[in-house]
There are 2 protein chains.
Amino acid sequence: MRTNTDPFHALADPGRRAILMMLSRDKQSINTIAGNFDISRPAISKHVKILHEAGLILIKDSGRERYCELNLDGFEEVKKWLNFFDKFWKTKLQNLEDLLNQQYKSE
Amino acid sequence: MRTNTDPFHALADPGRRAILMMLSRDKQSINTIAGNFDISRPAISKHVKILHEAGLILIKDSGRERYCELNLDGFEEVKKWLNFFDKFWKTKLQNLEDLLNQQYKSE
DNA sequence: ATGATGTGTAACCCTTAGGTTACTCAAATA
DNA sequence: TATTTGAGTAACCTAAGGGTTACACATCAT
């Protein structure tokens with residue numbers, strides 16, 4: 001199986017995003033997570049694996065339980081990519097501003 | 001066909017992200033976009049449709065051509081969701097700070 | 001009017017995604 | 001030691017994703 005470590009891919013599934021929302025309150029074991037969703041535990045296990053590989057969560061073993069918590073890394077990667085576009089919006093606003101200035105001048 | 005208007009889903013495909021990167025420089029027609037990728041024009045057409053439905057791009061018809069440009073809306077939706085987690089990191093940092101303060105006190 | 005050009009869409013194919021059940025195994029508990 | 005509990009994985013199924021080619025159609029150019 002090819003492991004997909006792309007956080008964008010990991011975030012594409014609404015269920016996985018819901019898991020992350022849940023983890024924003026507190027770290028949770030696999031079973032606890034599964035208890036809050038309508039899908040089976042193995043399905044949750046798969047989702048958790050994908051989130052982990054994408055760097056969106058950390059997993060800490062405690063006996064036979066595995067506790068999941070949010071990991072900043074994956075989030076940063078996505079944020080960084082999105083921030084790349086900021087200069088585009090800035091340019092666009094600047095153009096609008098220039099246009100307005102021009103109009104004032106011609107009055 | 002069920003239309004998926006989820007920007008997270010739209011961003012999951014690396015090819016679509018590449019299209020967005022391309023559009024950050026300038027607005028482009030479908031054919032121009034297709035010329036920059038190894039996949040067929042109909043494939044590009046599909047990707048563009050998905051990006052459009054997700055609110056990530058705007059499409060402006062000009063004769064028989066369709067010009068694509070970035071749209072802030074879809075990006076904002078994603079950013080907003082990501083920002084939700086900021087308070088989690090803040091809390092985590094605060095806890096670290098508290099821990100450090102406690103250690104200083106006991107010295 | 002004719003032909004070239006830009007684009008959307010339908011039909012199809014193969015791969016990936018996401019779910020299930022059944023199984024295994026290690027850790028906790030009686 | 002025997003049993004329960006938490007979790008990973010394999011095998012399988014169906015649906016969705018992403019690609020292709022072939023076609024239709026409107027717009028521009030001749």
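Chain naming here is simple, since letters A, B, ... match the order of the sequence lines and numbering starts at 1 in each.
- Rounded to whole Å, atom C1' of dT9(D) lies 14 Å from atom CD of Glu53(A).
- For Asp38(A) and dG18(C), the CG to C1' distance is 15 Å, given to the nearest whole Å.
- With rounding to whole Å, Ile59(B) atom CD1 is found 11 Å from dG8(C) atom C1'.
- Phosphate proximity of dG18(C) to Arg16(A): present, with a side-chain N or O under 4.0 Å from OP1 or OP2.
- Residue-to-nucleotide contacts include no donor-acceptor pair under 3.5 Å from the side chain of Lys46(A) to the base of dG8(D).
- Residue side chain Arg64(B) reaches the base of dT5(C) through a donor-acceptor N/O pair under 3.5 Å, judged by distance alone.
- In this structure, His9(B) does not reach the dA16(D) phosphate: none of its side-chain N or O atoms is under 4.0 Å from OP1 or OP2.
- Between Ser62(A) and Tyr67(B), the one whose closest nucleotide on DNA chain C sits nearer the 5' end is Tyr67(B).
- One donor-acceptor pair, N or O on each side, does fall under 3.5 Å between the base of dA7(D) and the side chain of Arg41(A).
- OP1 or OP2 of dT20(C) sits under 4.0 Å from a side-chain N or O of Ser40(A).
- Between Ile50(B) atom CD1 and dA16(D) atom C1' there is a gap of 11 Å when expressed in whole angstrom units.
- The neighbour count for Asp38(A) CG, taken as heavy atoms of other residues, nucleotides or ligands under 6.0 Å away, does not exceed 12.
- A salt bridge links Asp86(B) to Lys79(A): at least one charged side-chain nitrogen sits closer than 4.0 Å to a carboxylate oxygen.
- Contact annotation: Asn31(A) side-chain N/O to dT5(D) OP1/OP2 distance is not under 4.0 Å.
- For the pair Ile30(B) CD1 and dT5(C) P, the computed distance is 18 Å after rounding to whole Å.
- Here dT21(C) presents its P atom at 14 Å from CD1 of Ile44(A), a figure rounded to the nearest Å.
- The number of heavy atoms from other shown groups lying within 6.0 Å of NZ (Lys27(B)) does not exceed 12.
- Of all nucleotides listed (dT20(D), dT20(C), dG6(C)), dG6(C) comes nearest to the side chain of Glu65(B).
- The CZ atom of Arg66(A) sits 16 Å away from the C1' atom of dT5(D) (whole-angstrom rounding).
- Contact detail for Ala10(A) and Leu56(A): the closest heavy-atom pair is CB-CD1, 3.6 Å.
- Going from atom CG of Asp13(B) over to atom P of dG18(D) covers 5 Å, rounded to whole Å.
- For dT7(C), neither phosphate oxygen OP1 nor OP2 lies less than 4.0 angstrom from any side-chain nitrogen or oxygen of Ser45(B).
- Figure legend: cation-pi geometry between Lys92(B) and Phe88(B) absent, as NZ or CZ is not positioned both under 6.0 Å from the six-membered ring centre and within 45° of its axis.
- Distance from the side chain of Ile39(B) is smallest to dT20(D) among dA7(D), dT9(D), dT20(D).
- The side chain of Lys49(B) places an N or O atom within less than 4.0 Å of a non-bridging phosphate oxygen (OP1 or OP2) of dT9(C).
- Taking each heavy atom of Val78(A) and Pro7(A) in turn, the nearest pair found is CG2-CB, 3.9 Å.
- The shortest distance between the side-chain N/O atoms of His47(A) and the OP1/OP2 oxygens of dA17(C) is not below 4.0 Å.
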